[in-house]
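The structure under discussion appears below in the form of structure tokens.
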Amino acid sequence: MKQLINNLKGDKGIWSFVALLALFSFMPVFSASSNLAYIGQGNGNTLGYLVKHLAHICIGFAIIYWIHKVPYHYFRAISKVGLPVVWILLGYTLIKGTVIAGANASRWIQVPFIGITFQTSTLASIVLFIFVARYLSKTREEPITFKASLWELWLPVFFTLILILPANFSTTALIFCMILMLTFIGKYPLKYIGVIIGSGILFLAFFVLLSKAFPDSRFFSRVHTWESRIENFSTDKPDEDDYQIEKAKIAIASGKIYGLGPGKSVQKNFLPQSSSDFIYAIIVEEYGLIGGLGVLALYLLLLFRFVIASHKANTLFGKLVVIGLGFPMIFQAMTNMAVAVELLPVTGQTLPLISSGGSSIWMTCFALGIIISVTKKEEEIAQELKDAAKREEALKKLIDRELEEEVMTVGDYSIEDKAMNPMHAVLNK
């Protein structure tokens, strides 16, 4: 175990907080899966779900370990090649999506011969963030023109978002906001960002108008769900989403300060998606306000480490990669918590590293592996500089010692005469 820990390179703080979140996730998932166990198996045995979650976490950490060994600058080229692959997967998902627990049919695809479901939008977001970071780092030393950036940057971005939008509006909005933040940090001209925001709003309005013109089209089937969620959030009109929110608020109110205790949640038996979308409500119910604030603190500490890692990165591409992959992870966690306390409409965003689900955990770990790879490179450079300083100091000591020995040797044959009589040397001869 000690040897394995020594092989872990990169920011130890990020490793620690990720491990704490993953370890903490077992108790909430084990407890909250009882609802799924009753529905799926009829006996309420959640051990199978716990083992499944353990397998997902172990595979996730294997992904982090493998990815963090890869030099992060390799992903610069991979993002450009991987974007067309992502488009193919997203298009296939829209047509051949599978159903998971009654969710929208076009979010997941079934991996052939394995039987694992995979949410393609999570992979698309990672590839897209790296692609944007690559473009911004490439054009840092060159003046940016809107026409050139429109074709090289925004056309691929909007095409990707168009493929995600029909199935998942919340993910599309999250990705778009994070890309705007990334371009702002990357010093993309502010006036161009304003144009892009306006264009995005106009396109969304056009998309909604098309859904009204073709209400029976599968491509626009989710628009009614978006509208109803926003309407219910603003008017408190009772429906299925309102039922989930009410049960989540009951769970949070029942937890009070110290909680009911691990595994003693009551609302897990009534709250749909209690082990994924609304797991934060179960955490607060069982562990109280202290547990809920503790989870929030872990995510904020992880965000703090991301900021430090971005500041220390030795290249602009590395800085933007850490921001582009790390900040959306924290923003997604905050969105999940905000939904549980009814600060936002129901979005379907999971709690990273805590909610159950294979593809979401694995893609989160994939992003973390790249971030740790950036911090590992910074550590390697710092170690090289430290070793070079030690070698220079050792060489200096060696040269000083050689000079001292040379002075002592030459001192025995000195021609300097310290006698009072200037002719002393001649007379003696």
Is there a donor-acceptor contact under 3.5 Å from the side chain of [X] to the main chain of [Y]?
| X | Y | result |
| --- | --- | --- |
| Lys319 | Asn314 | no |
| Gln332 | Thr350 | yes |
| Thr364 | Pro352 | no |
| Ser274 | Ala32 | yes |
| Thr93 | Leu89 | yes |
| Trp362 | Gly357 | no |
| Ser310 | Val307 | no |
| Ser33 | Val29 | yes |
| Lys268 | Ala251 | no |
| Lys376 | Lys69 | yes |

So, do [X] and [Y] sit near enough that their side-chain heavy atoms are less than 4.5 Å apart?
| X | Y | result |
| --- | --- | --- |
| Ile283 | Leu351 | yes |
| Thr160 | Trp87 | yes |
| Ile63 | Ile59 | yes |
| Phe169 | Leu204 | yes |
| Leu210 | Phe206 | yes |
| Ile179 | Trp154 | yes |
| Ile290 | Ile257 | yes |
| Leu182 | Phe327 | no |

With a 6.0 Å cut-off (strictly less than), is the heavy-atom count around [atom1] of [X], excluding the residue itself, greater than 12?
| X | atom1 | value |
| --- | --- | --- |
| Phe184 | CZ | no |
| Lys264 | NZ | no |
| Phe331 | CZ | no |

Distance (rounded to the nearest 0.5 Å) between [X] [atom1] and [Y] [atom2]:
| X | Y | atom1 | atom2 | result |
| --- | --- | --- | --- | --- |
| Leu353 | Leu298 | CG | CG | 10.5 Å |
| Ile252 | Met337 | CD1 | CE | 11.0 Å |
| Thr315 | His73 | OG1 | NE2 | 9.5 Å |
| Leu23 | Leu20 | CG | CG | 6.5 Å |
| Ser16 | Leu301 | OG | CG | 11.0 Å |
| Ile370 | Ile126 | CD1 | CD1 | 6.0 Å |

Non-hydrogen atoms of [X] and [Y] that approach each other most closely:
| X | Y | result |
| --- | --- | --- |
| Val322 | Ala309 | CG1-CB, 4.2 Å |
| Ala367 | Met329 | CB-CE, 4.1 Å |
| Pro328 | Phe129 | CG-CE1, 3.6 Å |
| Gly60 | Cys365 | O-CB, 3.2 Å |
| Val132 | Val157 | CG2-CG2, 4.0 Å |
| Ile164 | Ala124 | CD1-CB, 4.1 Å |

Ser31 and Glu286: CA distance, side-chain angles, deciding distance, side chain to side chain donor-acceptor pair (under 3.5 Å) verdict: CA-CA 9 Å; Ser31 175; Glu286 295 186 350; 2.3 Å; yes
Chi angles and distances behind the side-chain contact (heavy atoms from CB on, under 4.5 Å) call for Ile371, Tyr72: CA-CA 8 Å; Ile371 292 173; Tyr72 73 92; over 6 Å; no
Trace of the side-chain contact (heavy atoms from CB on, under 4.5 Å) decision for Phe270 with Ile250: CA-CA 11 Å; Phe270 307 100; Ile250 292 173; over 6 Å; no
Axial cation check for Phe317 ring with Arg76, 6.0 Å and 45° limits: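 Satisfied, under 6.0 Å and within 45°.
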Worked verdict on Glu285 versus Ser265 for side chain to side chain donor-acceptor pair (under 3.5 Å): CA-CA 6 Å; Glu285 183 182 11; Ser265 169; 2.5 Å; yes
Ile196/Phe176 under side-chain contact (heavy atoms from CB on, under 4.5 Å): CA gap, chis, key distance, verdict: CA-CA 10 Å; Ile196 294 301; Phe176 185 61; 4.1 Å; yes
Option passing side chain to side chain donor-acceptor pair (under 3.5 Å) with Gln349 (candidates Thr171, Asn336, Asp277): Thr171
Among Tyr280, Tyr258, Phe24, the one residue meeting ring-ring contact (aromatic ring centres under 6.0 Å, His included) with Tyr287: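 That would be Phe24.
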Criterion side chain to side chain donor-acceptor pair (under 3.5 Å) on Ser149 and Tyr192, from CA distance to verdict: CA-CA 9 Å; Ser149 65; Tyr192 298 158; over 6 Å; no
side-chain contact (heavy atoms from CB on, under 4.5 Å) between Val70 and Phe75, worked out: CA-CA 9 Å; Val70 180; Phe75 295 99; 4.1 Å; yes
